[in-house]
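Reviewing the structure listed below.
Owing to the predicted nature of the structure, the values given are computational and were not obtained by experimental measurement.
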Amino acid sequence: MSSLLIEGGKRLDGEITVQGAKNAVLPILAATVLSGGRNVVYNCPDLSDVSSTVEVLENLGCSVMRRGSILEVDSSNIDNCTIPDSLMRKMRSSIIFLGAIIARCREACVSMPGGCEIGQRPIDLHLKALRSLGIDITESHGYIHCKADKLIGAEIHLDFPSVGATENVMLAACMADGITTLENAAREPEIVDLQNFLNRMGAKISGGGGSVIKIEGVSRLYGIEHNIMPDRIVAGTYLVCAAATRGQIVLNGADSSHMSAVLNLLSDMGCKVWREKNRIALCADKRTIAPPCIKTMPYPGFPTDIQSPFMALTAISEGTSVFVENIFENRYQHVDELIRMGADIRVDGRCAVVIGKDRLCGAHVEAKELRGGAALVVAALAAEGRSIIDNIKYIDRGYEHIEKYLSLCGASITRRE
Ligand code: UD1
């Protein structure tokens, strides 16, 4: 088990180039299955979730080569349309392969997906939408079997703007017969990155980033080159680290247009924030002011993925904050660990009340899931004394070499295997 050792109380001061977005690279790698050719994907972060996705691609028969942050995927010789349980359990987003495999092979078999335990995470919206495209789906012995002689464009309405279900429909429908209209689609920037990737491959998709996406089916797609967008959640986390240590940071390559909810909140909390299209700077020379309420919402609302890092920041801000987690019902697993560090937090269902303390104390804590793990890093950087964070395999799922980037900015943080 790997751990992070953090000596807290050091002001962050430095520059970071933001990694490629995990939530963009995973569906885009799944989309390479559609082309039947060679794709080159740039700016792929070095994450365990990306390695798991590569394993899935290789299992399907793709040949994959990695050179630094460049992944070359050749999907010409796909000879398998099943993803075994051992791979599906590694991460939730493996379900995105369903749409891509069925579109390419007219047949797919995957087991129920795994991933971080942050809620029930059903896939009913995915399956209902895929059935609308003419796919016959049966579930047995923990596996989902899909078959379709042909996929047919349809009018689909999602009951909730699920990111994964939106991506699955885009992947499946881009090679269907006729036009698919997807209403109440997720509007996350990663959907736009997927749309751009698919359109470069020859798909005809419009409306990504809005609530209605139109997908005109085409008969063939081609291998292409693509650069993954920057990770807005990782960027937000590093800004919060700087704010929590009353430091300053410049994020190169970060797209401020994707981050309004987070940047506005940091300004409201008293940080000075400078935004350019591809660069963000933050300076926090005073204790931050607790915002009265933070409610997570689908994009462009406040992202659920950055709720926990902000909770660590409010734990040392001046005043009281109420959090309302509207997306995942079990996303407060970091709370007990923050309390070990001296935080004053009470949870009732989807609400949490955080009373800001003057300081937190270093402690031995454990990451329980990806973003909750990042919250512990924020708290440990700001706390007095030494912290040990165990189980950082969760953090490694989404943050590339977190100790390297934070050390560059003056943090005292080391990894212990
Ligand atoms: C994606 C992101 C994840 C982020 C989440 C919400 C990736 C790889 N992951 O996850 O980091 O936290 O969006 O922004 O992009 N739901 C159903 N039925 C379904 C599908 C979803 O009820 O079939 C519910 C979920 O339980 C959850 C909500 O819809 O309550 C949002 O989930 P969804 O947008 O699908 O999240 P993911 O795509 O899994």
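Glu366 and Asn391 share a side-chain donor-acceptor pair at under 3.5 Å. Side-chain contact annotation: Ser3 with Asp390, donor-acceptor N/O pair under 3.5 Å present. Side-chain atoms of Thr304 and Thr296 include no donor-acceptor pair closer than 3.5 Å. Looking only at atom types and distance, the side chain of His226 has no donor-acceptor partner in the side chain of Asn39 under 3.5 Å away. Checked by atom type, the side-chain pair Tyr399/Thr237 shows a donor-acceptor distance below 3.5 Å. Checked by atom type, the side-chain pair Asn252/Glu15 shows a donor-acceptor distance below 3.5 Å.
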Determine, stepwise, if the pair Glu72 / Arg66 fulfils salt bridge (charged side-chain N to carboxylate O under 4.0 Å, His left out). CA-CA 6 Å; Glu72 279 186 41; Arg66 181 157 200 148; over 6 Å; no

Can Arg331 and Asp305 be said to form a salt bridge (charged side-chain N to carboxylate O under 4.0 Å, His left out), step by step? CA-CA 9 Å; Arg331 222 168 190 184; Asp305 284 349; 2.7 Å; yes

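Under the 4.0 Å criterion applied to side-chain N and carboxylate O atoms, Asp336 and Lys368 are not assigned as salt-bridge partners. At a threshold of 4.0 Å, the pair Asp177-Lys150 counts as salt-bridged, since one of the basic side-chain nitrogens sits closer than that to a carboxylate oxygen. For Arg415 and Asp396, the salt-bridge test passes: some basic side-chain N is under 4.0 Å from an acidic carboxylate O. The residues Arg89 and Asp85 are annotated as salt-bridged, a charged nitrogen and a carboxylate oxygen being separated by less than 4.0 angstrom. Salt bridge status for Asp49 with Arg397: present, with a side-chain N to carboxylate O gap under 4.0 Å. With respect to the salt-bridge test (charged N to carboxylate O, under 4.0 angstrom), the residues Glu55 and Lys90 qualify. The residues Asp255 and Lys277 are annotated as salt-bridged, a charged nitrogen and a carboxylate oxygen being separated by less than 4.0 angstrom.
Side chain of Ser111 to main chain of Pro84: no donor-acceptor pair is present (N/O by atom type, distance under 3.5 Å, no hydrogens or angles). The backbone N or O of Glu225 sits less than 3.5 Å from a side-chain atom of Arg200, completing a donor-acceptor pair.
In this structure, CG on Leu29 lies 6.0 Å from OG1 on Thr53, to the nearest 0.5 angstrom. If you take CZ on Phe328 and CG on Asn330, they are separated by 11.0 Å, rounding to the nearest 0.5 Å. Atoms CZ and OG1, on Arg279 and Thr17 in that order, are 9.5 Å from each other to the nearest 0.5 Å. A distance of 11.5 Å separates CD in Glu276 from CG in Leu251, rounded to the nearest 0.5 Å. Met269 contributes atom CE, which lies 3.5 Å from atom OG of Ser317 (distance to the nearest 0.5 angstrom).
Below 30°, between 30° and 60°, or above 60°: for His145 and Tyr143 the angle between ring planes is between 30° and 60°, a tilted geometry. Below 30°, between 30° and 60°, or above 60°: for Tyr238 and Tyr405 the angle between ring planes is between 30° and 60°, a tilted geometry.
Annotation for Arg340: atom CZ does not count as buried by contact number, only 12 or fewer foreign heavy atoms lying within 6.0 Å. A 6.0 Å sphere centred on CZ of Arg11 holds more than 12 heavy atoms belonging to other residues, nucleotides or ligands.
With respect to Met259, the side-chain contact (heavy atoms from CB on, under 4.5 Å) criterion is satisfied by exactly one of Ile306, Asn264, Leu239: Leu239.
Partners of Glu325 by salt bridge (charged side-chain N to carboxylate O under 4.0 Å, His left out), not counting sequence neighbours: none found. With sequence neighbours excluded, no residue satisfies side chain to side chain donor-acceptor pair (under 3.5 Å) with Glu155.
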